[in-house]
Amino acid sequence: MEIRIEKTTHPKEKPDQKNLGFGKYMTDHMFMVDWHKDEGWSNARIVPYAPLELDPACVVLHYAQETFEGLKAYRTAEGKIQLFRPEMNAKRMQRSNERLCMPTLPVEDFVQAVKALVKVEEDWVPSEPDTSLYIRPYMFSTEASLGVHMAAAYTFIIICCPVGAYYPTGLDPVKILVEDELVRAVKGGTGFTKCGGNYAGSILGQVKAEKLGYTQVLWLDGEERKYVEEVGTMNIMFKIAGEIYTAPIDNGTVLAGVTRDSMITLLRDWGYTVHEEKLAVDTLMKAGHDGTLEEVFGTGTAAVISPVGELRYKDDEVVIGDFKTGELTQKLYDTLTGIQWGRIEDTYGWTVTI
Ligand SMILES: *Cc1c(COP(=O)(O)O)cnc(C)c1O
């Protein structure tokens, strides 16, 4: 793929690296490439970051034909910039797009585009401890037409923003509410994809949880509302009597997280038994009461790992590990972030230097 580069003549002032937050400050440039049914992919370009012009009848605005990804670029102590398993994001986006009847960008083009944009924005990759450059590829139908069908035109874009330490004061356990009424995904649906529509449908659950003082929702399966699946933006794992349990991804309802896959690899290498199988919420709560539920943690690119200190399901409540971060949770966090920021040798070939 040939990428045309047009640099901005008005670079922005960079934000204070100590107060980046998440998703607030966009960088100077964006990557774009168009797809048309007669021409395929064309006009790959890196251009100054600017608002988009869209026809009000544009398909995405009516039928939410949109997919996205999320990954990060990390600056090592020596000043190198590296990505973490970007080809996994590229492949996952292809699976999302196939489900939503959208064209797929070849894996090597996806990775090339990410690398090229990060290279142009290298001064935006922050260096303060635990900061990184968050990269958001996304794609949507741009055709102006109100008919429901596969569109003739799409645009793929990548934007980036420097993001701060997720836990400025160290890992901080969260309280999670098990949602027993609303569902996020059903078999045959779009649960395994990263599409905007999944999120639109989940905000009500999030609002309910926040009103009751919980940080996130734990979704149950859409058919029986009996088995634990995942948290809003994270996969979730449970350590019960020394073994690890997490929902399977072959059902089509749970997102195949890059962090999930990396944690499972580390855990198995450390000798843990990892069960990728259905776990009933009743079994989970029972383990919480009889003392065998040792640790619970969410996994995802944004936070890497999010310890869970409390779970509520209907009128039942369990506190996990005295609301403190578990030993294994901490070890997983230290190891994975160690590899990502280049503090620990990457023996898995996960990191890609830019
Ligand atoms: C992105 C996402 C995750 C985490 O995936 P990672 O690749 O680890 O960042 C988990 N669940 C949902 C619903 C997601 O959208």
Side-chain angles (χ1 to χ4, degrees), residues 22-23 64 66-74 83-97 99-100 107 110-111 114 132-139 160-161 163 166 174 176 179 182-187 189-206 209 215-222 228-238 246-267 274 276 296-306 308 329 332-333 335-337 339-340 348 350-352:
F22 186 84
E66 189 262 0
T67 58
F68 66 95
E69 271 302 325
L71 66 161
K72 286 174 171 176
Y74 307 85
L83 302 171
F84 186 73
R85 309 184 78 183
E87 72 296 335
M88 282 198 85
N89 298 92
K91 288 183 191 149
R92 185 168 67 191
M93 192 161 188
Q94 290 189 329
R95 294 196 298 275
S96 298
N97 287 13
R99 176 63 182 81
L100 276 99
V107 170
F110 178 104
V111 175
V114 169
S132 56
L133 186 74
Y134 184 78
I135 303 161
R136 167 56 57 87
Y138 62 111
M139 184 166 149
C160 332
C161 52
V163 297
Y166 208 87
V174 295
I176 285 193
E179 173 59 55
L182 307 170
V183 298
R184 189 191 88 91
V186 291
K187 208 168 170 165
T190 56
F192 69 93
T193 72
K194 250 179 143 63
C195 72
N198 284 347
Y199 278 80
S202 72
I203 292 170
L204 181 57
Q206 181 67 27
T215 318
Q216 294 244 16
V217 174
L218 172 53
W219 299 100
L220 299 177
D221 74 282
V228 290
E229 291 208 321
E230 62 178 314
V231 182
T233 58
M234 293 186 289
N235 296 108
I236 190 161
M237 300 193 182
F238 307 92
T246 193
I249 51 171
D250 52 14
N251 205 37
T253 54
V254 172
L255 196 96
V258 176
T259 320
R260 174 188 183 279
D261 184 83
S262 309
M263 298 285 184
I264 291 174
T265 302
L266 290 175
L267 286 163
V274 182
E276 294 180 70
V296 179
F297 51 92
T299 71
T301 296
V304 183
I305 204 161
S306 193
V308 178
T329 306
L332 282 166
Y333 178 79
T335 307
L336 204 64
T337 56
I339 293 171
Q340 289 167 334
Y348 297 96
W350 284 339
T351 51
V352 173

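Counting convention: from 1, in listed order, for ligands and their atoms alike.
- Formation of a donor-acceptor pair under 3.5 Å by the Gln216 side chain with backbone atoms of Val231 is not found in this model.
- Under the 3.5 Å distance criterion, the side-chain polar atoms of Gln340 are left unmatched by any main-chain donor or acceptor of Ala73.
- Under the 3.5 Å distance criterion, the side-chain polar atoms of Asn235 are matched with a main-chain donor or acceptor of Leu255.
- Residues with a heavy atom under 4.0 Å from ligand 1: Arg92, Arg184, Lys194, Tyr199, Glu230, Gly232, Thr233, Met234, Asn235, Leu255, Gly257, Val258, Thr259, Gly300, Thr301.
- Side chain of Arg184 to main chain of Thr253: a donor-acceptor pair is present (N/O by atom type, distance under 3.5 Å, no hydrogens or angles).
- The backbone N or O of Thr301 lies less than 3.5 Å from a partner atom in the side chain of Thr259, making a donor-acceptor pair.
- For Asn97, the side-chain contact (heavy atoms from CB on, under 4.5 Å) partners two or more places apart in sequence, or in a different chain, are Thr67, Met93, Met102, Thr104, Met139.
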